[in-house]
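FYI, side chains are in, hydrogens and waters are out, and symmetry mates aren't considered; it's all heavy atoms of this structure. Position 1 is the first residue of the sequence, and the numbers go up from there.
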Amino acid sequence: GFFLLALARPPAARLEAIPGPSAVTATFSIAGITGNQFSFVGFAPQKKGRETFFRGLATREAPTIFFESTHRIIKTLGQLVEHVPQATVYLGRELTKLHEEMIVGQPQELLETLQAEPVRQKGEFVVIVDVRQ
C-alpha cells in the first residue's frame with residue numbers, strides 16, 4: 001500500500017481512513033510510511049516523564065504513535081521542534097469525522113501551520129513521529 005499512497009499523496013488526491021476499531025491503525029494506514037512496524041504508546045505523558053519521553057523519540061528505530069489532546073498539541077509540537085526537529089510528523093486530526101485531515105511535515109512546519117490557523121488545533125489527534133531518514 002505504501003507505493004500506491006505515495007502516488008496518490010495530496011495534492012493529487014485526498015486520502016481518507018475508513019472507520020474501524022482503532023484510530024492508530026486508521027492513521028498508520030493513510031500515512032504512507034514505509035515498513036510495517038511501529039510503537040504505540042497511548043497518550044504522551046502530561047507532566048512527569050514528558051521531557052524524557054520527547055528526548056527518547058530521537059532513538060526510536062520505528063515510527064512512534066501516540067494520542068494528543070487539543071489542549072496540548074501546540075506544546076507537543078514545540079517539544080518535537082526541540083527534541084526531533086528533523087523528524088517527519090504525521091498528524092491525523094478528527095479521523096473519520098467531517099473535518100478529518102492528515103497533515104505531514106517537520107515539527108516546525110506543523111507548529112506554524114496550526115498556529116496560523118487556530119481552528120486546526122481543535123479535535124482529537126493521532127501523532128506519528130518518524131525519525132528514520
Side-chain angles (χ1 to χ4, degrees):
F2 163 75
F3 297 109
L4 183 59
L5 286 171
L7 292 173
R9 174 90 26 226
R14 180 177 173 190
L15 303 175
E16 294 183 23
I18 297 173
S22 170
V24 173
T25 55
T27 304
F28 192 76
S29 75
I30 62 171
I33 299 173
T34 59
N36 59 1
Q37 295 183 359
F38 61 84
S39 295
F40 173 64
V41 296
F43 279 90
Q46 290 184 36
K47 294 180 183 173
K48 187 175 182 176
R50 191 166 172 90
E51 280 296 313
T52 303
F53 171 77
F54 284 101
R55 201 175 319 114
L57 290 175
T59 61
R60 297 283 184 133
E61 294 183 16
T64 302
I65 303 176
F66 59 93
F67 297 138
E68 193 52 276
S69 77
T70 187
H71 306 293
R72 288 188 302 275
I73 192 63
I74 294 298
K75 181 178 180 179
T76 291
L77 289 171
Q79 289 180 295
L80 291 173
V81 168
E82 180 181 345
H83 295 291
V84 287
Q86 300 304 317
T88 302
V89 178
Y90 304 79
L91 288 182
R93 185 178 79 87
E94 291 291 274
L95 294 184
T96 74
K97 298 177 183 163
L98 180 62
H99 301 290
E100 171 184 319
E101 68 178 330
M102 174 68 81
I103 313 167
V104 181
Q106 291 185 322
Q108 185 65 44
E109 296 171 313
L110 299 183
L111 180 59
E112 291 169 4
T113 297
L114 268 59
Q115 288 176 325
E117 297 179 64
V119 70
R120 294 173 93 180
Q121 297 173 26
K122 298 184 184 297
E124 300 169 348
F125 290 90
V126 178
V127 182
I128 303 175
V129 179
D130 191 354
V131 297
R132 302 170 303 159
Q133 296 299 325

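- By the 6.0 Å contact criterion, NZ on Lys97 is enclosed, its count of non-hydrogen atoms from other residues, nucleotides or ligands being greater than 12.
- The two residues Phe54 and Gln79 make their nearest non-hydrogen contact at CE1-OE1, 3.3 Å.
- Under the 4.5 Å side-chain criterion, counting only non-hydrogen atoms from C-beta, Glu124 is in contact with Glu94.
- A salt bridge is absent between Glu82 and Arg50: the closest approach of a Lys/Arg side-chain nitrogen to an acidic carboxylate oxygen does not fall below 4.0 angstrom.
- Taking 4.5 Å as the limit, some side-chain heavy atom of Met102 sits within range of a side-chain heavy atom of Tyr90.
- In the displayed structure, Gln46 atom CD is contacted under 6.0 Å by at most 12 heavy atoms of other residues, nucleotides or ligands.
- Separation of atoms CG (Leu91) and CD (Gln121) is listed at 11.0 Å; rounding is to 0.5 Å.
- No option in Val89, Thr113, Leu77, Val81 other than Val81 meets the side chain to side chain contact (heavy atoms under 4.5 Å, CB included) test with Gln108.
- The CD1 atom of Ile103 sits 8.5 Å away from atom CD of Glu117, with the distance rounded to the nearest 0.5 Å.
- Residues Ser29 and Ala26 approach most closely at OG-O, 2.7 Å, considering heavy atoms.
- Ile33 and Val127 sit in two unconnected hydrophobic clusters of ILVMFWY residues. Membership requires side-chain heavy atoms under 4.5 Å apart, directly or through other members.
- Within the 4.5 Å cutoff, no side-chain heavy atoms of Phe38 are placed close to those of Thr27.
- Looking at heavy atoms from C-beta onward, Arg60 lies in side-chain contact with Val41 at the 4.5 angstrom threshold.
- Using cut-offs of 30° and 60° for the angle between ring planes, the Phe53 and Phe66 rings count as perpendicular.
- In terms of hydrophobic clustering, with Ile, Leu, Val, Met, Phe, Trp and Tyr side chains grouped at heavy-atom distances under 4.5 Å, Leu114 and Val84 are assigned to a common cluster.
- Note that CD1 of Ile74 and CZ of Arg72 are 13.0 Å apart. Values are rounded to the nearest 0.5 Å.
- Side-chain contact between Val24 and Phe67: present, with at least one pair of heavy atoms (C-beta onward) separated by less than 4.5 Å.
- For the pair Gln106 and Gln86, the minimum side-chain heavy-atom distance is below 4.5 Å.
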Q) Given the rule in the side-chain contact (heavy atoms from CB on, under 4.5 Å) test, do Val119 and His99 qualify, once you have shown the distances and angles that lead to the verdict? A) CA-CA 10 Å; Val119 70; His99 301 290; over 6 Å; no
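- Cluster annotation: Phe43 and Val126 are assigned to the same hydrophobic cluster (Ile/Leu/Val/Met/Phe/Trp/Tyr, side-chain heavy-atom contacts under 4.5 Å, transitive).
- To the nearest 0.5 Å, atoms CD (Glu101) and CD1 (Ile30) are separated by 10.5 Å.
- Rounded to the nearest 0.5 angstrom, Thr76 OG1 and Leu110 CG are separated by 12.0 Å.
- For the pair Pro107 and Ala87, the tightest heavy-atom approach, listed with the atom from each and the gap, is CD-O, 3.3 Å.
- Closest non-hydrogen pair, Phe125 versus Arg120, comes out as CZ-O, 3.3 Å.
- Counting heavy atoms from C-beta outward, Leu80 and Leu57 have side chains that approach closer than 4.5 Å.
- Contact of the Glu51 side chain with the His83 side chain is registered, since non-hydrogen atoms from C-beta on lie closer than 4.5 Å.
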